[in-house]
Number of protein chains: 2
Amino acid sequence: MKNEYQSKLESFFSGNRRMPTYSEMMKLFDFKSKNAVFKLVKKLIDANLVAKDHLGRLVPAKSFGEVPILGFVTAGLPASAEEELLNTVSLDDMLIGKKDLTYMLEVEGDSMIEAHIEKGDMILVEKCNKARDGEIVIAEVDGEYTMKYFKEKNDKVWLEPANKNYKPIYPRQSLNVIGKLKAVIRKY
Amino acid sequence: MKNEYQSKLESFFSGNRRMPTYSEMMKLFDFKSKNAVFKLVKKLIDANLVAKDHLGRLVPAKSFGEVPILGFVTAGLPASAEEELLNTVSLDDMLIGKKDLTYMLEVEGDSMIEAHIEKGDMILVEKCNKARDGEIVIAEVDGEYTMKYFKEKNDKVWLEPANKNYKPIYPRQSLNVIGKLKAVIRKY
DNA sequence: AGTATAAGTGAACGAACGTTCACCTGTCAA
DNA sequence: TTGACAGGTGAACGTTCGTTCACTTATACT
């Protein structure tokens with residue numbers, strides 16, 4: 001499935017943020033004729049490794065920057081054997097809904113540790129100014145910013161940490177939701 | 001910093017996986033002359049919102065698909081005010097080292113719960129066949145696949161869960177490391 | 001009002017692109 | 001040996017791209 005040509009195209013694409021022209025592919029694949037490229041591209045298209053625009057321009061296949069999803073981990077890898085009938089995802093598409101409203105923060109402190117969010121984790125936050133009971137939010141309370149569970153009951157609104165060593169925060173004056181937690185990312 | 005034009009370009013790029021031609025930008029920006037586009041592009045280049053190849057072809061600025069990093073969360077957002085002097089990352093670049101060797105799995109069970117990896121989390125695994133003491137690995141022991149801490153001492157090799165309800169696994173016959181845990185991703 | 005400066009129109013042009021054509025290998029089967 | 005076919009070469013062609021030129025319209029400042 002994945003051949004030499006596609007790897008070269010992928011690395012060209014990720015390095016240059018665009019597909020190569022036929023002339024560039026001549027160098028890339030070590031051909032001496034553009035027509036050789038032309039015929040090769042036809043095959044790649046048939047194999048769904050690349051595609052063409054409505055304008056006839058070459059564009060990367062959907063799966064270009066994507067990561068295969070192989071299954072569940074305790075269930076084991078599917079025979080580790082051939083990874084064919086699987087899905088792929090682009091991490092960006094998977095994690096980012098409204099791009100303009102999304103940003104990343106690094107977690108400090110351990111107030112959300114029981115939600116399995118620890119110091120050093122990166123979080124993706126989507127800006128918004130309201131939340132529902134039980135969601136994890138970034139909020140500004142009485143002038144300070146913090147990440148907590150958002151709680152709401154009988155018109156009362158407060159924040160709760162996920163750590164029994166900390167106490168709930170009942171806003172004296174103001175509680176402004178800045179954004180919702182959309183994802184946690186931990187690098188090893 | 002971020003204007004109408006860049007948003008349109010970004011959405012065109014993420015939709016079409018390439019930059020628009022000048023003719024397409026005419027429609028996109030509602031111009032009636034290619035030269036209007038030409039002048040506009042010049043400005044976008046000066047502002048570093050897009051760039052040009054060594055071949056004179058338009059390519060997206062590096063920050064195109066990227067997410068801004070605003071700081072730490074307990075420290076609060078930097079004045080929420082203007083988000084200028086910050087970094088941005090592409091999630092793919094941030095998380096994926098060796099693309100061909102990376103895949104994704106969904107976590108089942110709670111054997112790594114004390115490492116704050118819970119059921120339903122997605123993990124990024126990079127294939128490799130050895131690991132160092134203390135790293136989290138996907139391994140095959142006596143025919144079964146599992147995610148655990150890899151332990152090694154005095155030429156002995158075994159796996160340890162991050163959950164005191166489970167016991168370490170001492171391989172009867174074989175212990176093959178399949179890959180290392182590179183990242184944990186949890187969606188909300 | 002007058003005049004710079006910026007921004008848009010419309011037509012033209014050379015260059016480079018993707019495509020096509022004709023031809024030249026190798027390789028494998030009949 | 002012959003024929004068919006896939007794969008590569010080299011040259012040619014029409015299209016469309018990015019760019020340029022000359023001109024017009026809007027905005028702002030004196």
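Chain A is the first sequence line, chain B the second, and so forth, proteins listed ahead of strands; every chain is numbered from 1.
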### Task
Grab the NZ-P distance between B:Lys52 and C:dA16 for me, whole Å please.
14 Å

### Query
Below 4.0 angstrom, N of the basic side chain to O of the carboxylate: do B:Arg18 and B:Glu24 qualify?
yes

### Task
Figure out the CZ/C1' separation between B:Arg18 and D:dC17, and round it to whole Å.
12 Å

#### Entry: Electrostatic pair A:Glu135:A:Lys182 at N-O distance under 4.0 angstrom
no

### Query
Is any NZ, NE, NH1 or NH2 atom of the basic residue among B:Asp121 and B:Lys187 found under 4.0 Å from an Asp or Glu carboxylate oxygen of the other?
no

### Query
Taking NZ, NE, NH1 and NH2 as the nitrogens, is one of them in B:Glu114 or B:Lys164 under 4.0 Å from a carboxylate oxygen of the other?
yes

### Task
Would you kindly give the OH-to-P distance between A:Tyr22 and D:dT16, to the nearest whole Å?
15 Å

### Query
Start at the 5' end of DNA chain C and walk down; is the nucleotide closest to B:Ala36 or to A:Ser23 reached first?
B:Ala36

### Query
For D:dA11, does OP1 or OP2 lie under 4.0 Å from any side-chain N or O of A:Ser33?
no

### Task
For A:Met26 and C:dC17, give me the distance from atom CE to atom C1', rounded to whole Å.
13 Å

### Query
Has the side chain of B:Lys32 got a donor or acceptor atom sitting under 3.5 Å from an opposite partner on the base of C:dG10?
no

### Message
Taking atom types as they are modelled, would you say the side chain of B:Lys34 forms a donor-acceptor pair with the base of D:dG18 within the 3.5 Å cutoff?
### Response
yes

### Summary
DNA chain C nearest-nucleotide lookup for A:Asn35 and A:Met25: closer to the 5′ end is A:Met25

## Note on the structure
Taking for A:Asp30 and for B:Phe38 the nucleotide of DNA chain D with the nearest heavy atom, the one nearer the 5' end belongs to A:Asp30

#### Entry: Protein-nucleotide distance (B:Leu40, atom CG; D:dT20, atom P), rounded to Å
16 Å

### Query
Among D:dT19, D:dG18, C:dT9, which nucleotide sits nearest the side chain of B:Phe31?
C:dT9

### Message
On the nucleotide C:dA6, are OP1 or OP2 found under 4.0 Å from the side-chain N or O atoms that B:Lys42 carries?
### Response
no

#### Entry: Nearest-nucleotide 5' precedence on DNA chain D, B:Lys39 against B:Arg57
B:Arg57

### B:Lys43 NZ - C:dG8 P separation (whole Å)
7 Å

### Message
Using a strict threshold of under 4.0 Å (side-chain N to carboxylate O), is an ion pair present between B:Glu10 and A:Lys99?
### Response
yes

### Protein-nucleotide distance (B:Ile45, atom CD1; D:dG18, atom C1'), rounded to Å
11 Å

